[in-house]
Structure formats: structure tokens, C-alpha cells
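A quick write-up on the structure given underneath.
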Amino acid sequence: MARGHARVTGTALGPHQTAVVRIGFSFTWLLFLLREWPHRRELYGPDGPWSWDMARQLIDGNRAFTALMWSDSGLWFETVYALALVSALLLLLGWRTRTMSVLFMLGVLSLQNRSIFLGDGGDNLIHLMSLYLVLTRCGQVWSLDARRAARRPDGQEPPRDTTGIVLWTVLGLALAWVQLFTDAGLSPIADGPLPGLGWATILWGLWLIQGGWWLARRYAPGEPRTVLDMLANLAHNGALVVIMGEVCLLYASAGWYKVQGSRWQDGTALYYPLHLDYFSPWPSLADALASSGTLVMLLTYGTVIVQVAFPFTLLNRRAKNAMLVLLMLEHIGIAVALGLPFFSLAAIAADAVFLPTAFLLWTVRKATRARDRLAARTVRLPRQRAGEHDERPDDEKPAPTLTG
């Protein structure tokens with residue numbers, strides 16, 4: 001128990017897995033926003049069939065959070081959409097991940113809750129994970145934050161961080177303006193993500209925590225910083241467990257609901273979506289798959305078996321890794337055959353929380369070596385290019401220098 005307590009409070013577990021989850025979901029959301037850029041006003045803006053007034057009536061009933069209800073101005077919509085794009089990009093790069101994770105969450109909630117009838121399972125997954133990422137320390141590796149921290153020698157006093165101070169001040173002023181001069185209606189105790197906590201308490205609390213973290217890091221690096229690190233590790237590890245449980249619940253519920261369906265029981269369920277125009281981006285491929293009754297039956301039963309069995313395979317590492325491969329192949333097939341790329345990307349990003357650390361590090365090493373080899377082949381110095389056609393004898397050529 002003592003070792004477990006020390007590990008949970010002293011270490012942020014799964015730093016590489018949470019980094020992959022951060023990269024995967026921010027990339028999926030960024031790609032979706034870019035893909036729908038020409039249609040953004042019809043999907044979430046003032047030109048859509050789900051008008052601002054209709055959305056206001058629904059929000060008044062379900063009390064969901066969306067910044068797009070603060071104003072019906074077209075300029076405000078464009079601003080929110082642009083901020084959602086920028087926050088997704090910066091979270092993908094890992095720049096100020098603590099702040100960007102909050103802005104990423106607000107962007108996801110604002111757009112999705114504006115037109116709730118447009119989403120699918122992938123959007124629901126992004127919706128949930130955007131909430132969980134706020135509590136994780138997802139920028140410890142593979143981020144600009146980690147790169148900046150690695151450049152500071154051990155034992156050196158943390159820099160003043162002027163950029164962070166300016167960003168914190170600007171966000172505080174923006175939140176105060178929203179609270180005081182708009183009809184946002186942010187309540188301190190109601191209509192929030194948790195019972196008894198309103199969005200005003202959540203947002204102001206996160207803002208104050210960021211300021212307290214900077215003060216402790218700058219002026220109290222001893223016990224206060226240690227206590228804050230322990231609390232952050234606890235929040236991170238708790239959110240990581242919730243993310244893993246969410247993935248298990250996703251597959252377990254999907255698999256057991258399929259078991260109850262007669263089309264899944266007789267092995268013909270996959271045949272029907274392949275003949276729907278909405279789910280057939282490649283009609284020839286859909287016809288080829290649907291033409292084989294044996295293949296349809298194997299894919300139908302295989303989908304159910306993999307989804308139902310996945311939570312149980314977590315008890316064995318090798319079985320879990322094999323099942324992850326099957327699940328990711330399944331989602332790739334869904335993306336290609338059924339035309340649901342964003343749903344598949346979100347599901348694969350969620351599955352990544354179970355990937356082995358050794359595999360992730362091996363993948364990064366391979367990618368780094370490939371990048372270095374590509375750079376070595378494409379970047380050639382001017383003197384080297386000139387030397388290839390130098391017809392002078394070797395004894396008359398200039399001696400090589402550090403640049404070649």
C-alpha cells in the first residue's frame with residue numbers, strides 16, 4: 001500500500017499514452033474543423049437550419065454549455081470557430097498544454113452543444129475526452145512544453161515566463177468581461193459539469209489554480225510545490241483511470257447491445273449499411289464486400305466477439321495487444337468502407353491509451369530515424385554540390401572545412 005500510494009502521488013502514470021491521446025483527439029478535432037470550414041455557418045452558425053433561437057430554447061432546457069449562445073452575431077461565431085481551431089492546433093503541438101486543454105474543451109463544447117443533432121459516436125467521444133484531458137498532465141512528453149523544460153539545466157531557477165503571465169492575464173480579463181458584461185449566465189453552483197459546481201466556479205477555479213501553480217513554482221519551490229505536484233498527479237492518474245474505463249465501457253456496451261440484435265445474431269448486420277448511400281463512399285468496394293456472404297458473416301461475428309472480449313483481455317498483456325491490433329484494423333475498415341473517418345480516428349485515439357510504452361518509443365525512434373535519413377538526402381551544402389563537378393587535381397583542391 002505504501003509503494004502504491006507513493007507511485008500514485010509521486011508520478012504521473014502513462015505519460016506517453018496520455019500524450020498520444022492528446023495528439024490523437026486534438027488532431028481529429030482540428031481535421032474535422034478544417035474539413036467543415038466551408039460549411040461551418042450551415043453546421044453551427046447563423047445560416048444553419050437549427051437557428052439561434054431554436055438552440056436558445058433547447059439550451060434553456062438542458063443547460064448545456066456553449067459560448068455561441070452568448071451572442072447571435074456572425075462575427076462572434078467566426079471568433080469562436082477560429083479560437084477552436086487555434087486551441088486544437090496548439091494542444092496538438094503541446095504549447096501551454098494546461099491552458100490549451102481548457103480552451104480545447106470550451107471549443108468542443110461550444111460547437112457541439114450548439115447543434116447537438118449533427119454528431120455521431122465519434123463526436124460524443126471527443127466531447128467526453130475533452131473534459132478528461134483538462135485533468136491530465138498530457139504535455140510531459142512529445143510537446144513544446146517538454147522541449148522547453150528539457151532545455152533548462154537541472155537546478156536552474158525557473159524563468160519568469162512572461163508569455164505565460166500575459167496569457168493568464170488576458171484570459172482572466174476575458175473571463176471577467178464574459179461574466180460581467182454578457183448574458184452568458186455562468187452560475188457558481190448550477191448548470192456545470194459536476195453537481196453543485198457551475199461553470200463560473202470551474203473556470204475561475206482553473207484560472208486561479210494556474211496562477212497559484214506559477215507562484216509556487218517561482219517563489220515556493222519546496223513543500224508547497226511538492227504538495228501541488230502530488231495533487232496534480234492524483235488528478236492525472238484518476239483521469240487516466242476514467243479514460244481507460246470509458247474505453248472499456250464503450251466496447252462492452254456496444255458489443256452486448258449487438259448481441260441482442262437479430263441481424264447480428266444471424267450474421268447479416270454488416271450487409272445493410274453497405275447498401276446505404278450515406279455509408280457507401282466507394283460503391284464498388286461496398287458491392288464487393290457485400291457480394292460474399294461468408295465474408296459478411298465473418299466480419300459481423302468478428303466485430304461482436306472483439307468488442308465483447310476486449311475488456312477481459314486487459315488481464316493478459318499479449319491478448320490485450322493482439323486485440324488492440326484487431327480493434328484498430330476494424331476502425332480503419334469502418335473509415336474506408338463506411339466513410340466515417342473522424343469516428344474511426346477518435347476511436348483509435350481512445351484505444352491508444354492501452355498501447356505499450358515500448359511500442360510507442362519504438363515507433364518514435366523509427367519515425368525519427370526516417371526523418372533524419374530523409375533530411376540527409378534532401379539537404380546538401382553548396383560546396384558539396386560544387387565539389388562534385390570540380391575537375392582540378394586533388395592536390396589543388398582546397399582542404400575540407402567543418403561545413404564540408
Side-chain angles (χ1 to χ4, degrees), residues 18 21-22 25-26 29 44 50 52 54-72 76-77 79-81 83-84 87-88 91 96-119 123-138 167-168 170-213 228 231-232 234-243 245-246 249:
T18 49
V21 172
R22 182 201 86 229
F25 278 99
S26 58
W29 183 242
Y44 304 111
W50 190 250
W52 191 87
M54 296 170 67
R56 166 60 70 186
Q57 295 179 24
L58 180 62
I59 296 299
D60 288 341
N62 61 17
R63 310 306 299 173
F65 175 89
T66 171
L68 292 177
M69 289 293 99
W70 298 351
S71 172
D72 59 352
W76 175 245
F77 166 75
T79 301
V80 173
Y81 199 94
L83 288 176
S87 62
L91 184 64
R96 310 286 172 177
T97 50
R98 292 191 184 96
T99 301
M100 290 305 123
S101 63
V102 177
L103 297 180
F104 175 77
M105 173 192 69
L106 297 180
V108 170
L109 298 182
S110 296
L111 292 174
Q112 290 190 354
N113 289 336
R114 168 62 174 84
S115 299
I116 62 173
F117 301 107
L118 296 176
D123 295 297
N124 292 336
L125 201 52
I126 295 174
H127 189 113
L128 293 171
M129 293 299 174
S130 67
L131 296 169
Y132 303 150
L133 281 175
V134 174
L135 300 175
T136 64
R137 309 184 77 172
C138 54
L167 181 62
W168 182 79
V170 170
L171 292 177
L173 293 175
L175 183 57
W177 176 80
V178 168
Q179 188 81 33
L180 298 176
F181 301 106
T182 69
D183 58 349
L186 299 180
S187 171
I189 59 174
D191 306 328
L194 296 173
L197 290 178
W199 279 108
T201 302
I202 295 294
L203 296 179
W204 281 113
L206 291 172
W207 185 77
L208 292 174
I209 288 172
Q210 290 284 73
W213 184 277
L228 288 178
L231 294 176
L234 281 173
H236 168 93
N237 295 329
L240 185 60
V241 171
V242 171
I243 292 174
E246 189 73 39
L249 182 62

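Fair warning: this is a prediction, and the values are worked out from it, not measured in the lab.
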Has Ile189 got more than 12 heavy atoms of other residues, nucleotides or ligands less than 6.0 Å from its CD1?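 No, because the 6.0 Å sphere around CD1 of Ile189 holds 12 heavy atoms or fewer from other groups.
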
According to side-chain contact (heavy atoms from CB on, under 4.5 Å), who are the partners of Asn62, at least two apart in sequence or on a separate chain?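 Scan of Asn62 (side-chain contact (heavy atoms from CB on, under 4.5 Å), adjacent residues dropped) gives Leu58, Ile59, Ala64.
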
Practice problem: For Gln210, enumerate each residue passing the side-chain contact (heavy atoms from CB on, under 4.5 Å) test, keeping only those at least two apart in sequence or located in another chain. | Solution: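 Listed in chain order: Arg98, Thr99, Trp168.
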
Side-chain heavy atoms of [X] within contact of [Y], under 4.5 Å:
X      : Y      : answer
Leu118 : Tyr44  : yes
Thr136 : Leu133 : yes
His127 : Asn113 : yes
Leu175 : Leu171 : no
Leu103 : Leu83  : no

Measuring from atom [atom1] of [X] to atom [atom2] of [Y], what distance do you get when rounded to the nearest 0.5 angstrom?
X      : Y      : atom1 : atom2 : answer
Leu68  : Leu109 : CG    : CG    : 11.0 Å
Leu91  : Met105 : CG    : CE    : 12.0 Å
Leu173 : Trp177 : CG    : CH2   : 12.5 Å
Tyr132 : Phe25  : OH    : CZ    : 10.5 Å
Arg114 : Trp52  : CZ    : CH2   : 9.0 Å

Heavy atoms only: give me the nearest Ser130-Phe104 pair and the separation to one decimal.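 Closest pair (atom of Ser130, atom of Phe104, distance): CB-CE2, 3.8 Å.
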
For the residue pair Trp70 and Phe65, does the interplanar ring angle fall in the parallel (under 30°), tilted (30 to 60°) or perpendicular (over 60°) class?
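Perpendicular: the ring planes of Trp70 and Phe65 meet at over 60°.
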
What side-chain donor-acceptor pairs closer than 3.5 Å can you find for residues 196-206, not counting sequence neighbours?
unit_1 : atom_1 : unit_2 : atom_2 : d
Trp199 : NE1    : Asp191 : O      : 3.4
Thr201 : OG1    : Pro188 : O      : 2.4

field: Name of the residue among Leu125, Ile126, Leu131 meeting side-chain contact (heavy atoms from CB on, under 4.5 Å) with Met129
entry: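 Result: among Leu125, Ile126, Leu131, Leu125 is the only option passing the side-chain contact (heavy atoms from CB on, under 4.5 Å) with Met129.
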
**Message:** For Thr66, is there any backbone N or O sitting under 3.5 Å from a side-chain donor or acceptor partner on Ser110?
**Reply:**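 Not confirmed, Ser110 side chain does not pair with Thr66 backbone.
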
